[in-house]
Amino acid sequence: MLGAMNSKEAKRSLRLMALMGCMGGAAVLLPVAVLAAPMQDNVLVYEPPFFESAHPQHAYDMVKRLPGFVLVDSDGAVRGFAGATGNVLIDGKPPSSKSESLEAVLRRIPAASVARIEVIRGGAPGIDMGGHDVVANVVRTAQATRSLAVEAGGIIARDHILRPNASVEWSRRSGDHRLDAALDIKTEFDDDTGTGGVATYARDGALVDSADRRQWEVAQTLSGRGSWEAPVAGGTLSANASVAREAKDEDVALFGADGETVHERKTDLQGELGAQWRRSLGAGVRLDVIGLQRRGELRAVSNSVEGDDRERFAETSDTAESIGRIVLRRERGQLVLELAGEGAINRLDSAAALSENDVPVVLPGGNAHVREARAEVALNATWHATSALVIEPSLAVERSAIRQRGDTALQRRFTYWKPRLALSRGLGGDDQLRASIERTVGQLDFEDFVASASLDRDQVSAGAVDLRPSRTWRASIAYEHHFGKGGAIVVEARHESIADVVDHTILRDESGQIFDVVGNIGHGTRDTLSVDATLPLAPILGIEGARIEANVDLIRSRVTDPTTGARRWISEDKPVEGAVSLLHDLPGGAWSWGVEVALGQREREYRLDEVRTESYGARVGAHVEYRPAPPWTIRLEAANITALTHRDRRDKYEGLRDPGAPDEIEIRRTATIPTIALSIRRSFGQGVAR
């Protein structure tokens, strides 16, 4: 038993078990008495007993309860595979899908089939950190399992708007073969949905006009996905496929003497095929090959009617992405070397048209055809200098070529070096200090090359030209402290020095007319302080199963405004962002409840002739979950209980912005709507949580 071992023997035993799991050997369960234990100073192990009080249904329920761990989802907007993966691994491998969220992947893994979860802080043998400082590795058992879960429910908003939410998840494992699939339909109401008013004030503060306003925006997504894994050609092949269709409708009505209605309809269709093959070549050498193909199709139409005046904006966009990646990894003693190469080809074909009373309006960037070919080679190392110190140097070089055709013809080539050095140092117990410095290169958003219009706000933006990716030197330091049973706090400070900040600037067409456009505006900085904490309440208040979770970011950014020459924030940066939750699993395991407070937010957008400031108050939500029997889960959830007010202020100028007072101020206030969602989940088969 572990209790009879000394500390060194216990750590050695745990490390050996983890290595067996990471290298694909039979999974070994740790003694039931151990709830969370260190394998090394930089790795923590959480076994099923640690999560027992929460009675989790799937791996997602378990990952959410990891102390001090914040899930970072995969980013489908990032082109390529490097830098797009999230911070959760499945049996030591990242999911090969970019389109599917980590939540969806983890929900298909029954809790009963999870042997343990390893939280890796700074690297471990057999683990690809994917550029993250901390990752969670979900290790599954080797036993045969089969499960089916059906969830049905709906979401209701004010005015009796009822929409369905439902899903079917199925998985099967037998030896080295795995197969799973899922279908779901999901409905979401936008945060701005609600009723209120709009008022316009003159420079001297006098009221010019006011009217009531109503805005409703709802999106419904239907998706299907599946994955398969089996031994192939001496290795393991994982394949995935997914398709999703999102339909979004927005209706805005302005009531008054100059009444206006705007209706917008967007349909977004996305499909993906991916595969990953992993094989051990012996002598600590491993080969990974990844291939991915994505397709997207967007269709959007917006119509505005104000008296006898009509406006129409239409956009069509077709996108494609093809990725190939190969990674050769060698582990020798305390040193891990990794050589990675990746190539990606991306395409965007878009057309946008604006008309007023059926008369076409000139729109720079209305037709855009963008092609990007990008390649990256990286050499990464992980050196366990001591049992407590891990050093991770890496160097990557990225080369890309972007060709733009349509209203603007332009071709550019970029070559960037991206060095990185990260250190993690165990401080005894489970505490750790982490520091890193790196150079990152941003990706150009293809949508910035396309003209856009917001008929509700009478805003038109031209398509970008001569746009360069931003380059950032980032330095960070983090301290992680664990305490008690399940308590943790992580504090991180980051400083970013950004070259060629991408923000709003000015474009003049051949006739001299000016347009707002996304472009490079020079050097900027951003400082961030992040606090992530899990505080169990049993030692403080004696409330068993209760805890407080907090995730808060404090941000300050500065850049020189290209219009006024003054220093200001980077557009859309939020000074404060985060949430604080009180969660309680009641004794007996049948009931749990929680309250979440999303902190108030404020962000500004600096356009050529206006400053737009959006602000929200604190958003309160609550949920109650009842498990009458192990296979059943009934969840009632209320969001935005306080019906917070969304405030949208626009400081408008007749020409280019200047440091003086605006010529006109428009303020929109919207009392947003609460929503209530009910879901009933039933699990079948061996995957039912114990």
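Computed from a predicted structure; not experimentally measured.
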Here the pair of heavy atoms bringing K266 nearest to A300 is CG-CB, 3.6 Å
For a quick check under 3.5 Å, do H504 and E605 share a side-chain donor-acceptor pair by atom type?
yes
Is it true that E151 and R635 have a side-chain N and a carboxylate O under 4.0 angstrom from each other?
no
Let's go through D309 and N357 carefully: what are the C-alpha distance in whole Å and the side-chain angles of both, what is the deciding distance for side chain to side chain contact (heavy atoms under 4.5 Å, CB included) to 0.1 Å, and is it a yes or a no?
CA-CA 6 Å; D309 295 326; N357 296 322; 3.5 Å; yes
Exceeds 12 heavy-atom contacts within 6.0 angstrom, atom NZ of K64:
yes
Backbone N/O of E321 and side chain of Q293: donor-acceptor pair under 3.5 Å
yes
Is it true that S223 and R225 share a donor-acceptor pair across their side chains at a distance under 3.5 Å?
yes
With side-chain hydrogen bond (donor to acceptor under 3.5 Å, both in side chains) as the test, pick out the partner of E610 among K652, R657, R650.
R650
Would you indicate whether the side-chain heavy atoms of I570 and E603 approach each other to under 4.5 Å?
no
Run K574 and E614 through salt bridge (Lys or Arg N to Asp or Glu O under 4.0 Å) and show every step you take.
CA-CA 10 Å; K574 302 177 180 67; E614 285 191 272; over 6 Å; no
Is the backbone N or O of E217 less than 3.5 Å from a side-chain atom of T193, with the two atoms forming a donor-acceptor pair by type?
yes
Please step through side chain to side chain contact (heavy atoms under 4.5 Å, CB included) for the pair D212 and T195, ending with a clear verdict.
CA-CA 8 Å; D212 293 331; T195 58; over 6 Å; no
Any luck finding a side-chain donor-acceptor pair between E311 and S355 under 3.5 Å?
no
Check against side chain to side chain contact (heavy atoms under 4.5 Å, CB included), W216 and R214:
CA-CA 7 Å; W216 292 90; R214 182 178 185 271; 2.3 Å; yes
Any salt bridge between R649 and D651, counting N to O under 4.0 Å?
yes
Intermediate values then yes/no, salt bridge (Lys or Arg N to Asp or Glu O under 4.0 Å), D609 and R607:
CA-CA 6 Å; D609 58 354; R607 302 174 65 90; 5.1 Å; no
Do the non-hydrogen side-chain atoms of I109 and H58 ever get within less than 4.5 Å of each other?
no
Could you tell me whether the side chain of T672 and the main chain of D192 form a donor-acceptor pair under 3.5 Å?
no
Could you tell me which non-hydrogen atom of V552 sits nearest to which non-hydrogen atom of D532, and how far apart they are?
N-OD1, 4.3 Å
Give the minimum heavy-atom separation between V88 and P95, together with the two atoms involved.
O-CD, 3.7 Å
Test side-chain hydrogen bond (donor to acceptor under 3.5 Å, both in side chains) applied to R299 and D318, T316, D268, the passing residue:
D318
Would you say the side-chain atoms of H263 and D251 include a donor-acceptor pair closer than 3.5 Å?
yes
Run I634 and R682 through side chain to side chain contact (heavy atoms under 4.5 Å, CB included) and show every step you take.
CA-CA 9 Å; I634 302 172; R682 174 67 160 92; over 6 Å; no
With W591 via ring pair (Phe, Tyr, Trp, His ring centres under 6.0 Å) - residues at least two apart:
Y626
Expected output: side-chain N303 to main-chain F313 donor-acceptor under 3.5 Å
no
Write down the atom of S302, the atom of V262, and the distance for their closest heavy-atom approach.
OG-CG1, 3.8 Å
Under a 4.0 Å threshold between the charged nitrogen and the carboxylate oxygen, would R108 count as salt-bridged to E169?
no
R295 with E297: basic N within carboxylate O range, under 4.0 Å:
no
Residue set satisfying ring pair (Phe, Tyr, Trp, His ring centres under 6.0 Å) with Y653, at least two apart, ordered chain then number -> none
Do NZ/NE/NH1/NH2 and the carboxylate oxygens of R612 and D648 come within less than 4.0 Å?
yes
Which atoms form the tightest heavy-atom contact between A199 and L207, and what is the distance?
CB-CD1, 4.0 Å
Side chains of S683 and Q57 only: does a donor on one sit below 3.5 Å from an acceptor on the other?
yes
Donor-acceptor under 3.5 Å (T319 side chain, L348 main chain)
no
H132: which residues meet the ring pair (Phe, Tyr, Trp, His ring centres under 6.0 Å) condition with it, sequence neighbours left out?
none
Can you measure from CZ (R647) to OG (S615) and round to the nearest 0.5 angstrom?
5.5 Å
Return yes if a side-chain donor-acceptor contact under 3.5 Å exists between S530 and D553, otherwise no.
yes
Between E272 and N240, is a side chain to side chain donor-acceptor pair (under 3.5 Å) present by the stated rule, with each step listed?
CA-CA 8 Å; E272 178 185 276; N240 65 275; 3.1 Å; yes
On the ring face of Y606, is R604 found with NZ or CZ under 6.0 Å from the centre and within 45° of the axis?
no
Test item: side-chain donor near acceptor, E666 and T200, under 3.5 Å:
no
Could you tell me whether D180 and R172 make a salt bridge, using a distance below 4.0 angstrom between a side-chain N and a carboxylate O?
no
Of I667, D209, V208, the one forming a side-chain contact (heavy atoms from CB on, under 4.5 Å) with Y201 is I667
Salt bridge check, E188 against K248: does any charged N sit closer than 4.0 Å to a carboxylate O?
no
In Å, rounded to the nearest 0.5 Å, how long is the span from OG of S147 to CH2 of W170?
9.0 Å
Please name the pair of heavy atoms, one in D585 and one in S592, separated by the smallest distance, quoted to 0.1 Å.
OD1-CB, 3.3 Å
When the ring centroid of H646 is compared with that of Y616, is the distance short of 6.0 Å?
yes
